[in-house]
Amino acid sequence: MLSAQDAFQLILETVKPAPSEQRSLFDAWHCVLAEGTVSDLNIPPFDKALMDGFAVNSADFQNGKTTLQIQETIFAGSVPTISLQAGQTSQIMTGAPLPEGADAVVQIEHCQIDEAARSVKIDTGPVSPGKNMLPQSSVLKEGSPVLAAGTVLRPQEIGALAETGSPSVRVRRAPTVAILATGDELVAPEESPQPGQIRNSNEVMLHAQILQADAIPQPLGIARDERNQLRSKIQEGLKSDFLLLSGGVSAGERDLVPSELEQAGVKQVFHKVNLKPGKPLWFGVLERADGDPCYIFGLPGNPVSSMVCFELFVKTAIRQFMGFPAPRPRALQARLSDDFHSSGNRPTYQPAQLEWEAGEAVVSPLKTMGSADLHSTVQANSVALFSTGNQHYQAGLNIDVFLW
Ligand SMILES: Nc1nc2c(c(=O)[nH]1)N[C@H]1C(S)=C(S)[C@@H](COP(=O)(O)OP(=O)(O)OC[C@H]3O[C@@H](n4cnc5c(N)ncnc54)[C@H](O)[C@@H]3O)O[C@H]1N2
Ligand code: MOO
């Protein structure tokens with residue numbers, strides 16, 4: 001059976017990064033830059049005061065103290081009108097441009113102002129050039145690169161783009177992701193299940209996971225385990241960038257999903273992955289007539305399987321589509337809190353609680369009744385990975401954990 005690593009590889013080889021689009025910085029959070037940007041100005045654009053006080057020339061402080069004649073007051077947003085000569089100063093506010101002839105700022109707290117004489121006495125010892133000021137273009141020069149293509153936009157990158165004259169940027173667009181829950185046993189969450197029925201929890205859960213992955217969910221409701229209805233709902237879903245089907249992918253007599261996808265012209269990339277939960281995972285691609293592909297995942301119906309397969313595989317595909325530089329899930333090494341026994345016949349992703357103790361990641365696997373036990377994931381903030389077979393893991397051992 002295909003390993004999870006091989007499944008990641010096949011997903012990355014199949015999913016092509018989306019075309020780019022222009023977006024305002026207000027809509028760009030967590031998008032990936034499709035093109036690099038350069039600064040349209042020097043940062044800072046002028047020698048800038050970093051304190052409220054007096055703009056001075058350090059040469060006036062040869063004796064460590066001095067009395068200077070006040071010329072004007074320079075506020076942030078204005079420009080100085082007087083060049084300083086020896087023995088002169090101007091009052092200045094944080095963020096304002098230094099006047100010519102000044103090379104430092106002395107904080108207002110260290111100045112004794114004589115209003116009548118329009119002078120200021122400063123007795124704080126020598127002042128070094130550059131004190132309390134940021135020289136023009138010391139952070140960034142006009143025309144120099146700000147961010148490279150492939151950068152994921154966090155709040156600080158968005159601020160830096162605004163500062164450097166990129167109010168909108170080219171980013172890879174987020175995919176639309178259709179959700180189709182399948183099964184005769186399903187009823188809507190607002191209904192009371194009759195004997196043999198269960199509530200459709202996967203649809204809303206996937207909807208939330210898609211939002212969390214910065215993509216656009218398109219719920220299609222429930223398709224019954226009946227070919228005509230399944231076929232028409234699949235056709236609807238194939239118009240999106242991604243189609244996620246929940247249920248109907250294992251070996252049951254009404255597990256119609258793989259054959260109906262094949263019927264719709266979808267090319268299977270893989271079916272079944274060696275992991276627990278999530279073994280029956282199905283992945284394929286449809287090359288649509290309009291030239292844009294649709295990527296299809298058949299997620300196992302068991303809620304924990306569905307959730308784990310989304311976090312590991314669907315998210316990888318969405319990140320690849322959005323141009324993320326490292327789309328695979330990233331494992332964290334954490335110390336096992338207690339002895340743990342694992343006996344899975346496949347590599348097992350166990351719901352777990354990860355905590356930080358004195359700066360160290362410590363993980364406690366949670367008790368679970370298996371892939372139908374969604375409740376065990378409510379206490380979990382991660383999954384811990386255990387390998388195949390009867391294995392005893394001693395407390396203190398470092399293991400791989402995936403946060404979610
Ligand atoms: N003979 C075999 N049987 C099964 C195998 C196998 O290899 N051979 N694999 C098992 C594994 S592992 C899993 S996981 C499940 C996955 O089955 P399906 O994807 O075909 O899903 P269903 O049979 O439709 O449903 C499984 C389970 O999940 C519940 N379910 C389905 N949809 C939803 C939903 N939208 N919300 C909440 N719960 C849902 C459904 O009622 C079933 O209880 O197959 C094993 N069987
Ligand atoms: O792989 Mo299934 O997801 O064990 O329950």
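Take Arg328 and apply the salt bridge (charged side-chain N to carboxylate O under 4.0 Å, His left out) test, not counting sequence neighbours, and it matches no residue.
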Next on the checklist: As a quick check of understanding, evaluate side-chain contact (heavy atoms from CB on, under 4.5 Å) for Thr151 and Val32, giving each step before the final call.
Outcome noted: CA-CA 6 Å; Thr151 304; Val32 181; over 6 Å; no
Checklist entry - Checking side-chain contact (heavy atoms from CB on, under 4.5 Å) for the pair Val56/Leu68: CA distance, chi angles, key distance, verdict? => result CA-CA 9 Å; Val56 298; Leu68 302 169; 3.7 Å; yes
Next on the checklist: Assess the residue pair Asn390 and Ser343 against the criterion (side-chain hydrogen bond (donor to acceptor under 3.5 Å, both in side chains)); give the C-alpha distance rounded to whole Å, side-chain angles, the decisive distance to 0.1 Å, and a yes or no.
Outcome noted: CA-CA 4 Å; Asn390 245 328; Ser343 57; 4.7 Å; no
Next on the checklist: side-chain contact (heavy atoms from CB on, under 4.5 Å), that's the test. Do Leu243 and Leu245 meet it? Break it down for me.
Outcome noted: CA-CA 6 Å; Leu243 167 59; Leu245 294 112; 3.9 Å; yes
Next on the checklist: Apply side-chain contact (heavy atoms from CB on, under 4.5 Å) to residues Leu244 and Leu180 and explain how you reach the verdict.
Outcome noted: CA-CA 6 Å; Leu244 309 184; Leu180 181 54; over 6 Å; no
Next on the checklist: Working note: Ser382 + Tyr349, criterion side-chain hydrogen bond (donor to acceptor under 3.5 Å, both in side chains); need CA distance, chi angles, decisive distance, verdict.
Outcome noted: CA-CA 9 Å; Ser382 53; Tyr349 292 77; over 6 Å; no
Item to check | Evaluation steps, side-chain hydrogen bond (donor to acceptor under 3.5 Å, both in side chains), between Thr164 and Ser39 | outcome: CA-CA 5 Å; Thr164 52; Ser39 180; 5.0 Å; no
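A side-chain donor-acceptor contact under 3.5 Å links Ser364 and Ser337. With 3.5 Å as the limit, one finds a donor-acceptor pair spanning the side chains of Gln209 and Glu311. For the residue pair Asp241 / Thr176, a side-chain donor-acceptor distance below 3.5 Å is found, with atom types taken as modelled. No hydrogens or angles considered: a donor-acceptor pair under 3.5 Å links the side chains of Thr81 and Glu72. Ser168 and Gln22 share a donor-acceptor pair across their side chains, judged by distance under 3.5 Å alone. In summary, the side chains of Ser250 and Asp255 do present a donor paired with an acceptor at a separation below 3.5 Å, with no hydrogens or angles considered. Side-chain N/O atoms of Asp103 and Ser58 include a donor and acceptor closer than 3.5 Å. For the 3.5 Å distance criterion, the side chains of Glu13 and Gln9 qualify, holding a donor opposite an acceptor. A side-chain donor from one of Gln333 and Asp400 sits under 3.5 Å from a side-chain acceptor of the other. In this model, no donor atom of one side chain and acceptor atom of the other lie less than 3.5 Å apart for Ser20 and Arg172. One side chain, Gln218 or Ser240, offers a donor N or O that lies under 3.5 Å from an acceptor on the other.
With ring centers used as reference points, Phe297 lies 6.0 Å or more from Phe313. For His341 and Phe386, the distance between ring centers is not under 6.0 angstrom.
Ionic pairing of Lys233 and Glu236 is not present here: no N-O contact between side-chain nitrogen and carboxylate oxygen is shorter than 4.0 angstrom. Salt bridge annotation for Arg173-Glu21: absent, with no cationic side-chain nitrogen under 4.0 angstrom from a carboxylate oxygen. Of the charged side-chain nitrogens involved, none lies within less than 4.0 Å of a carboxylate oxygen, so that Arg199 and Glu191 do not count as a salt-bridged pair.
Heavy-atom neighbours of Gln379 CD from other residues, nucleotides or ligands within 6.0 Å: above the threshold of 12.
Scanning all heavy atoms of the two residues, the minimum distance from Ala178 to Leu220 falls at CB-CD1, 3.9 Å. Ser306 approaches Leu206 most closely through the heavy-atom pair OG-CD2, 3.9 Å. Across Glu260 and Ile234, no two heavy atoms sit closer than the pair CB-CD1, 3.8 Å. Between Val171 and Arg23, the shortest heavy-atom distance links the atoms CG2-CG, 3.8 Å.
The shortest side-chain heavy-atom distance between Phe54 and Ile113 falls under the 4.5 Å cut-off.
Rounding to the nearest 0.5 angstrom, the gap separating the CG atom in Asn132 from the NE2 atom in His110 is 9.0 Å.
Under the 30°/60° scheme for interplanar angles, the aromatic rings of Tyr295 and Phe242 are found to be tilted.
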